[in-house]
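Note sheet for the following structure.
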2 protein chains.
Amino acid sequence: MTDINEQIRRPGADTAPVTGAMDIAARGGPEADPALLNLVELLFFAYRDFTREPDKILEEIGFGRAHHRVLHFVNRHSGLRVADLLDILKITKQSLGRVLKQLVDEGYIMQEAGKTDRRERRLHTTARGRELAGRLARPQLSRIAHALEASGAQSQIFIEKFLGEMISEADRAQVSRLLKTGAGPRGRNGDPA
Amino acid sequence: MTDINEQIRRPGADTAPVTGAMDIAARGGPEADPALLNLVELLFFAYRDFTREPDKILEEIGFGRAHHRVLHFVNRHSGLRVADLLDILKITKQSLGRVLKQLVDEGYIMQEAGKTDRRERRLHTTARGRELAGRLARPQLSRIAHALEASGAQSQIFIEKFLGEMISEADRAQVSRLLKTGAGPRGRNGDPA
DNA sequence: CATTTATGTCAGTCATGTTGACTTACTTTG
DNA sequence: CAAAGTAAGTCAACATGACTGACATAAATG
């Protein structure tokens with residue numbers, strides 16, 4: 001194990017974990033509100049497990065989480081444009097381009113020229129794409145359904161509100177617009193921001 | 001734009017987005033409970049934004065989200081072992097080893113040989129590590145505090161319950177044990193699973 | 001002493017993200 | 001109509017953080 005002894009057995013060295021009174025305020029660590037810190041960790045664990053089952057399915061077919069995200073949003077919001085996806089996912093054109101191309105090439109997503117603006121590619125899932133999207137969504141939906149049930153019927157409204165408020169203010173309106181459009185083709189009308 | 005015309009303008013082709021009645025049940029897409037689907041998306045957006053500010057800070061100092069996760073858990077649960085971290089993060093030894101080594105080399109984390117079992121490395125943050133952990137935690141804590149406030153005082157208990165139930169059952173007990181230990185050194189006593 | 005455990009490490013690979021510059025197709029505007 | 005702007009796609013080059021599998025070392029345990 002090479003030379004770990006150089007690293008350990010030095011409690012009290014210059015970098016030792018002495019707790020100066022001074023830095024307590026700056027910590028945000030153990031001294032911060034423990035309930036909030038617990039929520040930080042709960043969010044991490046919840047999200048970690050939320051993506052586990054779909055990740056496993058994706059791995060089998062050679063896709064990654066990025067494919068899932070694209071497929072999900074195109075499936076749910078049929079008619080989405082590439083620019084919309086970029087804005088939703090907050091990734092670059094290249095990153096999106098790579099996975100989108102694969103999804104198109106392998107017949108999960110199809111593109112259609114915009115009716116009024118033919119530069120646009122309106123994205124839609126194919127039957128094959130919907131099938132995969134459903135397969136990936138199912139474990140996530142049942143996980144959520146279970147968690148909602150276990151946390152009580154009244155909880156849903158609080159959770160929706162909480163998660164909505166976790167979104168950066170700059171994007172909140174955009175997201176709530178997106179959620180409202182539900183499955184319908186996202187109109188090019190109304191600002192697409 | 002090369003040959004996109006081969007791809008588009010073929011609504012009605014074999015992969016066309018026709019909606020067979022047959023596959024509706026299997027979809028999990030637009031036909032699934034829209035409230036649950038909204039939660040899927042809310043979770044995505046919330047987590048996306050939850051990690052944005054720390055990611056920016058990390059980028060400036062040449063670290064990534066992996067460093068944040070390690071630093072956070074070591075800071076909050078001082079005395080954690082490498083094996084515990086592997087179990088919490090569900091990543092491989094190599095992935096962890098790389099970021100942990102950097103954190104140790106750059107003086108954010110120190111190791112201490114286990115008192116009873118000297119093979120163990122009990123991990124602790126240094127003053128420098130605590131400072132960074134606090135800096136990274138602050139935007140996340142204030143985001144959560146804001147969201148809690150906006151969703152009402154009663155909401156907190158529901159949210160904790162919900163997020164807890166989102167965790168895979170196999171890990172739930174482990175996590176709640178971890179959360180309970182709060183900041184204290186995680187005893188090697190009691191199964192470490 | 002042999003085995004198991006905790007940790008670290010090597011070499012190689014892959015997925016997903018990044019930036020910046022450029023092209024093509026099309027729309028809008030002066 | 002020509003110029004400017006916009007939507008999308010593409011190239012090259014790169015960084016990070018995951019992965020696998022095999023192996024090394026130190027210490028504990030039977």
Candidates dG8(C), dT7(C), dG17(C) - which lies nearest the side chain of Gln111(B) | dG8(C)
Starting at atom CG of Asp55(A), determine the distance to atom P of dC19(D), rounded to an integer number of angstrom.
-> 11 Å
Please report, rounded to the nearest Å, how far the P atom of dT7(C) is from the CG atom of Asp87(B).
-> 12 Å
Check whether any side-chain N or O of Ser95(A) sits under 4.0 Å from OP1 or OP2 of dT16(C), and answer yes or no.
-> no
So what does Gly64(A) hit on the nucleic acid, given a heavy-atom distance under 4.0 Å: a base, only sugar-phosphate, or nothing?
-> sugar-phosphate
Which nucleotide, dA28(D), dT16(C), dA8(D), lies nearest any side-chain atom of Arg118(B)?
-> dA28(D)
Within less than 4.0 Å of OP1 or OP2 of dT16(C), is there a side-chain N or O belonging to His67(A)?
-> yes
Find the distance Phe63(B):CZ to dG17(C):P and express it as a whole number of Å.
-> 22 Å
Leu100(B) CG to dG17(D) P: how many Å, rounded?
-> 13 Å
Of all the nucleotides listed (dT7(C), dC19(D), dG9(D)), which has the minimum atom distance to the side chain of Val82(A)?
-> dG9(D)
Measure from the side-chain heavy atoms of Ile91(A) and tell me the nearest of dG9(D), dT16(C), dT18(C).
-> dT18(C)
Starting at the 5' end of DNA chain D and moving along, which residue's nearest nucleotide shows up first, Arg98(A) or Leu123(A)?
-> Leu123(A)
Gap between atom CG of Leu71(A) and atom CG of Leu123(A) - 0.5 Å precision | 11.0 Å
Atom CG of Leu58(A) and atom C1' of dT16(C) are separated, to the nearest Å, by 13 Å
Taking side chain as C-beta onward, heavy atoms only, is Leu37(A) less than 4.5 Å from Arg76(B)?
-> yes
Side-chain atoms of Asp117(A) come closest, of dT7(C), dA28(D), dT27(C), to dT27(C)
Please confirm whether Phe45(A) and Phe50(A) have ring centers closer than 6.0 angstrom.
-> no
For the base of dA18(D), is there a side-chain donor-acceptor partner from Arg65(B) under 3.5 Å away?
-> no
Can you check whether any acceptor in the base of dG9(D) is under 3.5 Å from a donor in the side chain of Arg121(A), or vice versa?
-> no
Within the 6.0 Å centroid threshold, strictly below: Phe44(B) and Phe73(A) | yes
Tell me which nucleotide among dT18(C), dA6(C), dG9(D) gets nearest to the side chain of Arg81(B).
-> dA6(C)
Compare the minimum distances between each of dT10(D), dT20(D), dA27(D) and the side chain of Gln94(A), then state the nucleotide with the smallest one.
-> dT10(D)
Pairing of Arg122(A) and Glu112(A) as salt bridge, 4.0 angstrom limit = no
To the nearest angstrom, the CD-C1' distance between Glu60(B) and dT16(D) comes to 17 Å
Taking the nucleotide of DNA chain C with the closest heavy atom to each, which residue, Lys93(A) or Lys115(A), is nearer the 5' end?
-> Lys93(A)
Are Thr92(B) and dA18(D) close enough that a side-chain N or O sits under 4.0 Å from OP1 or OP2?
-> no
Flag the pair Asp49(A) and Arg52(A) as a salt bridge only when some basic side-chain nitrogen lies within less than 4.0 angstrom of an acidic carboxylate oxygen.
-> yes
Could you check which of dA8(D), dT7(C), dT27(C) has an atom nearest any side-chain atom of Arg119(A)?
-> dT27(C)
Whole-Å distance separating the CD atom of Gln102(B) from the C1' atom of dG8(C) = 15 Å
Once you round it to whole Å, what is the distance between P of dA15(C) and NZ of Lys56(A)?
-> 19 Å
